[in-house]
Participant: 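Sharing a structure below in C-alpha cells format, with a few things to ask.
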Amino acid sequence: MREISKQFDFKEREDAIYKLWEGSSFFNPDNIKSTKKYCNVLPPPNANGELHLGHASGYTVMDIFGRFERMQGKKVLLLPGKDHAGIQTQVVFERKLKAEQGISRHEMGREKFYQACYDFCMDRSQYMRAQEKKIGISADWSREKFTLDPAGLKIALETFVQMYKDGLVYKGHRIINWCSRCGTALADVEVEHKEQAGKLYYIKYPVKDSKEFLTVATTRPETMLGDTAVAVNPKDKRFLSFIGQNLILPLQNREIPVIADRRIDMEFGTGAVKITPAHDPLDWQIGKDHKLEEISVIDEKAKITANGGEYEGFDVLGARAKIVVDLQTLGFLEKEESLANNVSVCERCKTVIEPLISNQWFVKVDDEKISLKKQALELIKSGKVEIYPENFKKILIQWFSNLQDWCISRQIWWGPQFPVWYREKSKVESRKSKVNGEQEIYVGLEKPKGDGWVQDENTFDTWFSSSQWPYSTLGYPNGKDAKNFYPTDAMITGRDLLFFWAARMLMMGSYRTDKTPFKNLYFTGLVRDKDGQKFSKSKGNGIDPMDIINKFGADALRLSLVMDIAPGQDSRLSEEKIEGFRNFVTKLWNIFRYCTQADENFALVEKISKKDLKTLSDNWIVCELEETTRNVTEFMKDKNISLAQDTLRKFTWDSFADWYVEIHKLEKNTKVLGYVLDKILKLWHPFTPFVTEEIYQQMFDGRKMLMMAQWPKNPKKCIDTKVQIDFADLQELIAKIRNIRSSYHIDPVNLIEGFGKKKIEKEIIERLARVKIETGKGVKAKMIQVATRKRALQLNIAKSIDMEKELISIDKEIVNLENLIAKNEGMLKNKNFVAGAPKEILEATKTRIGEYMDKLQIQKELKKNLKAI
RNA sequence: GGGCAAUUAGCUCAAUGGCUAGAGCAUCUCGAUUACACCGAGAGGGUUAUAGGUUCGAGUCCUAUAUUGCCCACCA
C-alpha cells in the first residue's frame, strides 16, 4: 500500500503539476482536436508591478470557466498578455528613477527613457507571468502579448487611421483636464473628484460708469484674471437691468459684459457667475455659445501666464492668496464663506487638475454617420453581449448616453506615438496630404515620402490600444486566430474598469469589426479586507496572493476568491476564510486517502451499471451525484460559480464524506466509491485544479491527465425520489438517536441497546449513531422510542428518562406539525391557489401534508407510549 | 443634483416567486472512531431594515422611508 501524507503537500507539488500541464501542450488550443471552441482574451495587467488579489480573483474566474469549457471538449484559448499602461507606468518608473538614480525623465531624454521603461516592463512582465502560473491559470503562453508588440500595435494604429478617414478622430482646440505633474491631458474618466473643505469668495465687480457693483462668488479667485464675462440667469429678476452692461474687471481693469445664460443656477452664491472660458469646462461652453474671448492665464505647469499681469509666475495657490489680499485691500472682497466643494485630481498621481485649453486629439463618440456610442448601446440592448450581473447593463446604458468626446492624446513619453506627420505648407505639396492651416498633415502608419515631415509628439491614451485588445491580440482581420476565435466568448474584468475599458472595448470592437468583441461580459467585484476596507499600500493592509499560496496553497486561494461571491459585488477576504478553504482541500485529500487505504484494489471508475448498485446507500449516493452533476453543470452555464461550488461542497463533504464514506466502511462497495470519487475530481477540477490533478496523477500513475478529462455527463433523468426519501428517512432516524445521545450525555462506551423492528439497517445505524441494536420486541422500563415514517427503535438507555423534558419536546413538535398541516391545508382550501398554482406545487403540497400527518401520528404514539411507562 | 447597489443568525455571506429561510466562521456540549482534530456528533442563535402594495403564495416583484457603500455630474 502506498504511503499518503495526511495533507496535500501543495508546496512540494503545485509547481510540478503546473509544469505537467504546461508540458502537455494542451494550453495551446491548436493541440486539441475539436470543432467546438472557447476563447477568452485575458485582461492584461499593467506591466509595472506585481499581481494583487484583484488580479488573482479575476484570473481564478477566467481559469474556472476556461477549464470547465476545456473539459466540455472544446478548443480553449486563454490568451494572456500585459498592458504598457501609459501614464501609470510612467509615474511608477519616474519614481523609481528618482529613487534609484536621483534623476528625472528630462535628464534622461525621451529615447533613453522609453527604452529603459520598456526594459522595466519586460522585467516586470516576466515576474508577473511567474505569479500567474502560481495561481494555476491554464493560459497559452506561446501566444502571450504585450500592448506595444508591433503586430498588435499596428492593428490598433490602423484603427486610428481608419477613424481619421471616417472623421471619427479630430484634433481640436478644446478645454481639457490637465495634470501639471504628469504634464499631460487626461480623459474625463481619468479624473477623480474629491470633496474638500474650500472657501467661497464673494467679489464685487464694479459696473462701468456707475457706482453699482455686481457681486460674483467663486472658489477659484485666481481665474478671474482670465474672466471675459459675468453671466446671470435670464429669469433672474435681480439682474435684469445688468444684462448687456459692461463691468470693470478688478485687478485687470478690463471691460467685460454681463450676459444671460440659462445654465446659471440662481440659487447658488449670488446668482452671478464670473466666466473664465479658458479654465472651466462650463465657462468654456458658455464662452463658445456667446463667442467670448478665451484668455489663458494658467499654463501647463500650473503657473500664472503673462496674461495674468503682475501675477505672472505665481503658482495657482500663491496667486490665489495674493489676489484675495489685494482684493481686500482694494475693497472688492465682500466676504468669504466656508464651502465643501469637489476638487478634481489626477487619477494616477492625485495632483489637482487644471482645466485649460489645449490642442488635443479627440474621438468623436456620437458622429452623425457613425455613432460609436449608439453602436455600443445597440450591442448591449440587443443582447449580442450578455452582461453579468445583469444590472450593470443599466449602468452602462446610462454612461453611454451621457458620453462626451474622448480625449486620446497624452503628452507623456511612455506609449505609442500618433501615426500623424506634419510639415510646413511652403515645402513640397503632396496630393495625399491634407492642408491644415499653415501645415500639411498626413495620417498613416508609415512616414510619408519626402523631406521635412515631423511626427506628432503625442502618445496615445493607454485605453485607446487596450480597448482593441480582444481583436488586436488575435491578429484581426486576417490572422488565423481572429478567424477561429473572434468574437471571443468571454471578457471577465473588475467592475472598476467598467467605463475605462469595458465600455470602450464595446465601442471600438463594434466600430472596427462590426461585431461584439465578446459574447459575455462578466464583472468581478473588489476584494476588500475583513473590515471591508480597500486593500492599499498606504494602509498597509495588503495581502500578497503569493504569501497566501505559500501558506495555504493555490487551491485554497482560488476557492476563497470566488466562493460565496456574487458577480460585480465586492467581497471580503480574511485569513480565517482562506483557512476554511484550505481545510476543504485537506478534506478532499483525505477522502482520497481513505479510498486508497480502504481497499488495495481501489481505482477510479469511469462508468458503472445498475447492477453495481447493491444497497440503498449505493443507490442514494449515485442519485445524489447525478443531481449534483446536473445542478453544477447548469450553474456553470449560468455563470454562477458560487452556487456551483456550494452545491459541490455540500455533496462532497456532507453527502459523500460524512455519510457514504462512513457507510462504505461497512458495506465496502469499492466500485461505487471509485465511481463517485472519479466524478468528484472532475467536477472540482476547474475550481481546485492542483489537488484534483495530483490525486488523478497518483491514481493513474501519470498515464492520464485530469485537465483533459471529460466533464461528467449531465444525466437526463436522474432522480429516484423513492431512494432519496428512503435514505433521508434513515438519516433522520440516526439524527434522532444522536440527538438523544447528546441530550442525555451518554458516554460512547455505554452504547444504547435498541430493540429494532425488522428491516432496519442495523449495522449502519449501529456505526453512525453508535448504538448497539438487539432485534427483539417489547417495551421495557426506561425505554425511549425513536421513530421516523419508515423506521422505529426503542432505546434502552442507562440513565433514567427525563419524562418532563421528553414530553415538552414532543408537545412542541406536535404543535409545530399541527401548524404546518393547518397552513398547507389552508392553501388547498383556497380556490385561488388550486386554480393558480402549477400542478407540481399542488402535488407537492398534498404530499407534504401526508408527510406531516404521518409524523404527527408518530409523535402522538410516542407520547402515548411515554406516558404508559 | 442624478444613478447603482446593499440591508437575512454574533460575524462573513447564500437562497430559480413555491419544501419548516440555509452555509461557513464564532459560541456551548460531547467525542482519541482502523481518511481527515485542518476531524466527527449535537445544540443554541431569525419579526429577512421599516411601512405599505401586487400575488393563490414575497427574503425574492412594485412604491415609499431609513441607514450604509459605490459611481457619475459643469454648484461657479
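In the text below, chain A, chain B and the rest are named by the order of the sequence lines, each starting its count at 1.
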Participant: Write out the stems for RNA chain B, ordered by first number and formatted as range with range, counting runs of at least 3 consecutive Watson-Crick or G-U wobble pairs under 3.5 Å.
Facilitator: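 Only these stems qualify: B:1-7 with B:66-72, B:10-13 with B:22-25, B:27-31 with B:39-43, B:49-53 with B:61-65.
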Participant: Decide if atom NZ of A:Lys199 counts as having more than 12 heavy atoms of other residues, nucleotides or ligands within a radius under 6.0 Å.
Facilitator: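 Result for NZ/A:Lys199: open.
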Participant: A:Phe523 CZ to B:C4 C1': how many Å, rounded?
Facilitator: 13 Å
Participant: Figure out the CG/P separation between A:Asp654 and B:A14, and round it to whole Å.
Facilitator: 19 Å
Participant: With sequence neighbours excluded, what pairs up with A:Phe552 under the ring-ring contact (aromatic ring centres under 6.0 Å, His included) test?
Facilitator: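 By the ring-ring contact (aromatic ring centres under 6.0 Å, His included) rule, A:Phe552 matches no residue at all.
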Participant: If only atom types and distance count, is the side chain of A:Arg741 paired as donor or acceptor with the main-chain N or O of A:Arg770 below 3.5 Å?
Facilitator: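 A pair under 3.5 Å: yes.
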Participant: Spell out yes or no: do the side chain of A:Glu662 and the base of B:A35 have one donor N/O and one acceptor N/O closer than 3.5 Å?
Facilitator: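 Yes, the side chain and the base share a sub-3.5 Å donor-acceptor pair.
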Participant: If you take all heavy atoms of A:Met636 and A:Ala644, which pair is closest and at what distance?
Facilitator: SD-CB, 3.9 Å
Participant: Could you work out, with side chain to side chain donor-acceptor pair (under 3.5 Å) as the rule, every residue matching A:His193, not counting sequence neighbours?
Facilitator: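 With neighbours one apart ignored, the set is empty.
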Participant: To the nearest 0.5 angstrom, please state how far the NZ atom of A:Lys373 sits from the CG atom of A:Asn402.
Facilitator: 7.0 Å
Participant: Give a yes or no on whether the backbone of A:Ile357 and the side-chain of A:Trp284 come within a donor-acceptor separation of less than 3.5 Å.
Facilitator: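 Pair absent, no side-chain N/O of A:Trp284 close to backbone of A:Ile357.
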Participant: Does A:Arg495 make a cation-pi contact with A:Trp399 (under 6.0 Å, within 45 degrees of the axis)?
Facilitator: no
Participant: At a heavy-atom distance below 4.0 Å, what parts of residues 815-824 of chain A sit against RNA chain B?
Facilitator: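 Correct list: A:Asn816, A:Leu820.
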Participant: For the pair made of CD1 in A:Ile565 and P in B:A14, what is the distance, rounded to whole Å?
Facilitator: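 Whole-Å distance recorded here is 9 Å.
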Participant: Between B:C19, B:A35, B:C70, which one does the side chain of A:Tyr852 approach most closely?
Facilitator: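 The nucleotide sitting nearest to the side chain is B:C19.
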Participant: Between B:A9 and B:U60, how far apart are the two P atoms, rounded to whole Å?
Facilitator: 15 Å
Participant: Classify A:Ala566 by what it touches in the nucleic acid, base, sugar-phosphate, or nothing, heavy-atom distance under 4.0 Å.
Facilitator: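 Since only primed, P, OP1 and OP2 atoms lie under 4.0 Å of A:Ala566, the category is sugar-phosphate.
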Participant: Counting the atoms with a prime plus P, OP1 and OP2 as sugar-phosphate, which does A:Arg848 contact under 4.0 Å by heavy atoms, base, sugar-phosphate, or nothing?
Facilitator: sugar-phosphate
Participant: With sequence neighbours left out, which residue pairs that include part of residues 829-845 of chain A fulfil the side chain to side chain donor-acceptor pair (under 3.5 Å) condition?
Facilitator: none
Participant: If you measure from the C1' atom in B:U8 to the same atom in B:G3, how many Å do you get, rounded?
Facilitator: 26 Å
Participant: Below 3.5 Å, does any donor atom in the side chain of A:Lys665 face an acceptor in the base of B:A35, or the other way round?
Facilitator: yes
Participant: Tell me which residues in residues 568-580 of chain A put a heavy atom below 4.0 Å from RNA chain B, sorted by number, or none.
Facilitator: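 Per residue number, the list reads A:Gln569, A:Arg572.
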Participant: Will you find, in the side chains of A:Trp501 and A:Thr493, an N or O donor that is under 3.5 Å from an N or O acceptor?
Facilitator: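 No donor-acceptor contact under 3.5 Å links the two side chains.
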Participant: Among all residues two or more places apart in sequence or in another chain, which pass the ring-ring contact (aromatic ring centres under 6.0 Å, His included) test with A:Phe635?
Facilitator: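 Partners of A:Phe635 under the ring-ring contact (aromatic ring centres under 6.0 Å, His included) test: none.
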Participant: Would one find more than 12 heavy atoms of other residues, nucleotides or ligands at under 6.0 Å from atom CD of A:Glu192?
Facilitator: yes
Participant: Using the P atom in both, what is the distance from B:G59 to B:G1, to the nearest Å?
Facilitator: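 My reading of the P atoms in B:G59 and B:G1 gives 34 Å.
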Participant: Pick the nucleotide of RNA chain B nearest each of A:Val661 and A:Asn631; which residue has the one closer to the 5' end?
Facilitator: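 It is A:Asn631 whose nearest nucleotide is closer to the 5' end.
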Participant: Atom CG of A:Asn402 and atom P of B:C71: how far apart are they, to the nearest Å?
Facilitator: 17 Å
Participant: Sticking with atom P, work out how far B:U29 lies from B:U67, rounded to a whole angstrom.
Facilitator: 42 Å
Participant: Nearest-Å distance, CG (A:Leu673) to C1' (B:A35)?
Facilitator: 11 Å
Participant: Polar atom pairs between nucleotides 74-76 of chain B and protein, under 3.5 Å, N or O only, would you list them?
Facilitator:
| residue | atom | partner | partner atom | Å |
| --- | --- | --- | --- | --- |
| B:A76 | N6 | A:Asp265 | O | 2.7 |
| B:A76 | N6 | A:Phe268 | O | 3.0 |
| B:A76 | N1 | A:Asp265 | N | 3.4 |

Participant: Look at atom NZ of A:Lys235 and say whether more than 12 heavy atoms of other residues, nucleotides or ligands are closer to it than 6.0 Å.
Facilitator: no
Participant: Can you tell me how far apart CD1 (A:Ile663) and CG (A:Asp658) are? Round to the nearest 0.5 Å.
Facilitator: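 Nearest 0.5 Å value for the CD1-CG distance: 11.0 Å.
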Participant: May I ask you to list the residues of residues 493-500 of chain A, by number, that have any heavy atom positioned under 4.0 Å from an atom of RNA chain B?
Facilitator: A:Arg495, A:Phe499
Participant: Which value, in whole Å, describes the distance between the C1' atoms of nucleotides B:A49 and B:U55?
Facilitator: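 B:A49 and B:U55 have their C1' atoms separated by 23 Å.
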Participant: Whole Å only: how far is the CD atom of A:Glu766 from the P atom of B:A41?
Facilitator: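 Value for this atom pair: 19 Å.
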Participant: Could you measure between the two P atoms, the one in B:C4 and the one in B:U47, and give it in whole Å?
Facilitator: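 So the two P atoms sit 30 Å from each other.
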Participant: Could you go through A:Phe584 and A:Leu559, starting from their C-alpha distance and side-chain angles, then the distance that decides it, and tell me whether this counts as side-chain contact (heavy atoms from CB on, under 4.5 Å)?
Facilitator: CA-CA 9 Å; A:Phe584 173 77; A:Leu559 288 176; 3.9 Å; yes
Participant: Any side-chain N or O of A:Lys855 less than 4.0 Å from the OP1 or OP2 oxygen of B:U20?
Facilitator: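 For A:Lys855, the contact criterion (side-chain N or O under 4.0 Å from OP1 or OP2 of B:U20) is not met.
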Participant: Could I get the full list of side chain to side chain donor-acceptor pair (under 3.5 Å) partners for A:Tyr202, not counting sequence neighbours?
Facilitator: A:Glu337
Participant: Need one value for A:Lys587: base, sugar-phosphate or nothing, where a base atom within 4.0 Å counts as base even if backbone is also close, heavy atoms only.
Facilitator: base
Participant: Determine the minimum heavy-atom distance between A:Pro277 and A:Glu294, stating which atoms define it.
Facilitator: CB-CG, 3.8 Å
Participant: Could you check whether the side chain of A:Arg767 and the base of B:U33 have a donor-acceptor pair of N or O atoms closer than 3.5 Å, going by distance alone?
Facilitator: no
Participant: Just to confirm, is there a sub-4.0 Å distance from OP1 or OP2 of B:G42 to any side-chain nitrogen or oxygen of A:Arg738?
Facilitator: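 The answer is yes; a side-chain N or O of A:Arg738 sits under 4.0 Å from OP1 or OP2.
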Participant: If we count only N and O atoms by modelled type, under 3.5 Å, do the side chains of A:Glu334 and A:Thr215 hold a donor and an acceptor together?
Facilitator: yes
Participant: Tell me the interatomic distance from A:Arg528, atom CZ, to B:U12, atom P, rounded to whole angstroms.
Facilitator: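 About 13 Å, once rounded to whole Å.
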Participant: Sequence neighbours excluded, which residues qualify as side chain to side chain donor-acceptor pair (under 3.5 Å) partners of A:Thr692?
Facilitator: none
Participant: When every nucleotide of nucleotides 54-60 of chain B is labelled 5' to 3' by its protein contacts under 4.0 Å (heavy atoms), B for base, S for sugar-phosphate only, - for none, what sequence of letters results?
Facilitator: --B----
Participant: Given the C1' atoms of B:A5 and B:G44, what is the spacing between them in whole Å?
Facilitator: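 Between the two C1' atoms, the distance is 34 Å.
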Participant: Can you tell which of B:G42, B:C36, B:C38 lies closest to the side chain of A:Asn590?
Facilitator: B:C36
Participant: Taking atom P of B:U20 as reference, at what distance in whole Å does atom CG of A:Leu856 sit?
Facilitator: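 Nearest whole value for this atom pair: 15 Å.
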Participant: Output yes when A:Arg789 and A:Asp729 qualify as a salt bridge under the 4.0 Å nitrogen-oxygen rule, no when they do not.
Facilitator: no
Participant: Mind checking if A:Trp653 touches a base, just sugar-phosphate, or nothing, with heavy atoms under 4.0 Å?
Facilitator: sugar-phosphate
Participant: Would you indicate which nucleotide in B:C4, B:A35, B:A41 comes nearest to any side-chain atom of A:Tyr594?
Facilitator: B:A35
Participant: Between A:Thr628 and A:Lys650, do the side chains contain an N or O donor and an N or O acceptor separated by less than 3.5 Å?
Facilitator: no
